[in-house]
Amino acid sequence: MQNQNISHSPDQWSIIENDFNSDYIGKCEVIMALGNGYMGIRSTPEEKYLTETRNWFVSGTFNKAHDTEVTELPNIPDVIQMTLEINGRRFTLDEGQVKSYTRSLDLKTGELVRNILWHTDETGDLDIEFHRLVSSHDLHLVAQEIRIKPLEKDCQIKVVSGINGQVTNSGAQHFVEGSKRFYDKKVMHMNQVTTESDIEVFINVMHRIVLDDQRLDHDTLIMMDRRKIFGHMSFSTSVGSQVSITKFSNVGTTRDLEFVDMDRESIKKELLNRIEGYWDKSFQEVLEASGLALKDKLWDQARVEIDSSVSFDQVAARFAMYHLYGMMPAHDKRMGIGAKGLSGEGYKGHSFWDTEVFMFPYFLYTRPELARQLLEYRYLTLPGARKKAYENGFEGAQFPWESAWLEDGEVTPVWGAADIVTGKSTKIWSGFIEQHISADIAFAIYQYYNVTGDEAFMEDFGYEMLFETAKFWASRLEDGQDGLLHINNVIGPDEYKEHVDDNAFTNYLVDLNFELSISFAKKVRDENPKLYKDFDKKLGLDSWISVWEEKRRKIFLPRPNQDRVIPQDSTYLTKEIIDLTKYKNQEHVGSLFHDYNLTQVNNMQVSKQADIMMLFYLREDLFSREVKLANWEYYEPKTLHDSSLSLSTHAIIANDIGNKDLAYELYTRCREIDLGQNMKSSDHGIHAASLGGMLQVVLNGFGGLRILNGKLRIEPNIPNTWKSLTYDFHWQGDTLRVEVSQTEFVISNMTKNNDMVEFSYKGNDYLLREKTTVLLDKVSK
Ligand code: IFM
């Protein structure tokens, strides 16, 4: 069930909020957030509300507010706030009569629009439109326009607008106050410096007022306060006329790659010059340029077309693509993607395994150069990963569970929410023992190589990360009394099980990490002796190959028991089973913690999220359908999907085991994480991994696009409500198009760089030259 207050336009390009309730303001602030990868802004209204959260983030500008805190993306001074006073009445939707209201985000152009018919005794009926965009053409630019049309009474209008530096991250202050200026009676300026990382942020704003078609030469009364510069602008307009107030704002920082070689004064001047370049531009012109750039960077690059009797199916896919675009720092490989993108303070802008396992595949198939860049970001964090391994007494590289700026290393906070039993803060163990991320990154490197065949990447970055992570795991394994090697004391993907031994997902991914390192090391040895020598010199590669082979022979890999159930870890199956009905039917995630603390939860057979199912997805070739089915039946009833990373994987596995209806149901539940009834679920930011997961359900689940042992396999199985699914993806230098219907799929090579492309369908091999049609075999294998 979709949110009744959120609908979409008939052309399936816009999401629309139909009613305003300031109690639930966070929902549309986030799902309608604007971004271009350089920056992200929550779509908080111009006028102020008690319940609002104003957030504006610039990628990569991490700062530590205090020694006791971890680094985070600071909330930079706000420019969105604009106060309107009309005939003495302050405009707010909490007062007066709201005769009609819609807010919509056009995913195609990136324009946010509010249309309001507002009435008060003083103003009569007023038609007010708010337009806003974050430019995809000029990554530093934000544009706003307010259009006011008095319908009954002439109006005296006062606008108060400027830059508000009185912002924090939930109270944490990240900036030292800098300077404020009003230049040439035109541009308001503020600059501030982060308290620890010493990043200077420069912000400029400029206004233009147009009455009908005539630009008004308005006076601005400038007011400066602590961390605040605002202008007061007054003018009048009459019934039948329209006045528009356009505000252009730009931001730049000393962290920006394009400014690294410039001194601070020059950056400031450059940004001032750039904003002045918009003096004669209209909002419409800026919108057009931004829309074209968005088309070029996103919509022309990635095709996902769904013809479904449920028209929201298409909108949801576009919604996910739009937000993934907005959070991907395509301009700078020194930056990763935060778990909440750039739409909220949640998870502090840090990157998790969410990137490689959930978001990365979408970029890999649609924009492989961006997938490469995400891996290069990890490569740049290798020194920190080596340091982490060394400090923990291991070899090689241990990637941080949470990652921020390149040199930061591990940034997972150590203390979390209050324990309901003890009343003390709960220790967050993930930064210490949630270690599978190192193998997840290795897995993503392998996927990247399979899809692109990019040898240069492997030589420059990929091999080294594979070898270094394999070294880490080799030193991490522990001898067991059974003569095998074990990985003890970890957290697997299921974060409700801490300090467990032999988490199956972790062990199997580590096994793959070894397998890849061994085979690639030998490949380099045979094909590129010079490079091999270099690696040997740098990493001692030659001596490691036999170590990895030995470890691989001995690593303990949990096998299915007599009921075909794979133990998630060494003790899971021995733990108490409780009646979870109440929690399975919960309205809000995490309700289990109203009754139990984490220590108690640790001792029960209850899972937060996909764990064994994750294993079936990433290493699907190792397990039969029967085993998958048996494990589904065992684990799914015990999984609360309390993490937003759970439902998409379950949807894919449900489809794999042949339950298409359940797969579709889980898929719709997955998109309801942000777009469903729960008006509070997005308050801390969008669920980026879930968006990536949704697209994986469409492409890799229903669309059947998978890599098996390095080979392309296409086994589509679309929901019954879908007439067709069409998607493009990259494969070894070509763009391939797959058009799936209920009875067949057609695969075409759109670029024909390769004479032939091999793929398989249900165990049969095919050779694609230009176009191949495959009839769907409806029997599950
Ligand atoms: O990485 C996830 C984890 O799997 C579950 N908790 C939230 C993290 C960030 O999304």
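First listed ligand is number 1; within each ligand, the first listed atom is number 1. Any value given below was found using the heavy atoms of this structure, including those in side chains, with hydrogens, waters and symmetry copies removed.
Looking at W401 against ligand 1, only its side chain comes within 4.0 Å, counting heavy atoms. Contact annotation: for H687 versus ligand 1, there are no heavy atoms closer than 4.0 Å.
Residues Y635 and Y572 place their aromatic rings such that the two centres sit under 6.0 Å apart. Not less than 6.0 angstrom separates the ring centroid of F62 from the ring centroid of F57. Ring centroids of W353 and F358 are separated by less than 6.0 Å, placing the two rings close together.
Looking at R671 and D313, a side-chain N of the basic residue comes within less than 4.0 Å of a carboxylate O on the acidic one, giving a salt bridge.
Close approach of ligand 1 to S643 (heavy-atom distance below 4.0 Å) involves ligand atoms 5 (C). Close approach of ligand 1 to D354 is summarised as follows: ligand atoms under 4.0 Å from at least one heavy atom of the residue are 1 (O), 2 (C), 9 (C), 10 (O). Listed by number with element, the atoms of ligand 1 under 4.0 angstrom from any heavy atom of W353 are 1 (O), 2 (C), 3 (C), 4 (O).
Ligand 1 lies less than 4.0 angstrom from a heavy atom belonging to Q609.
Cation-pi geometry between K638 and Y634 is met: the NZ or CZ atom falls under 6.0 Å from the ring centre, inside 45° of the normal.
The closest protein non-hydrogen atom to atom 7 (C) of ligand 1 is Y347 OH, 3.1 Å. Given atom 3 (C) of ligand 1, the protein heavy atom at minimum distance is E495 OE2, 3.4 Å.
Proximity of a side-chain donor or acceptor of T194 to a complementary backbone N or O of E196 within less than 3.5 Å is not detected.
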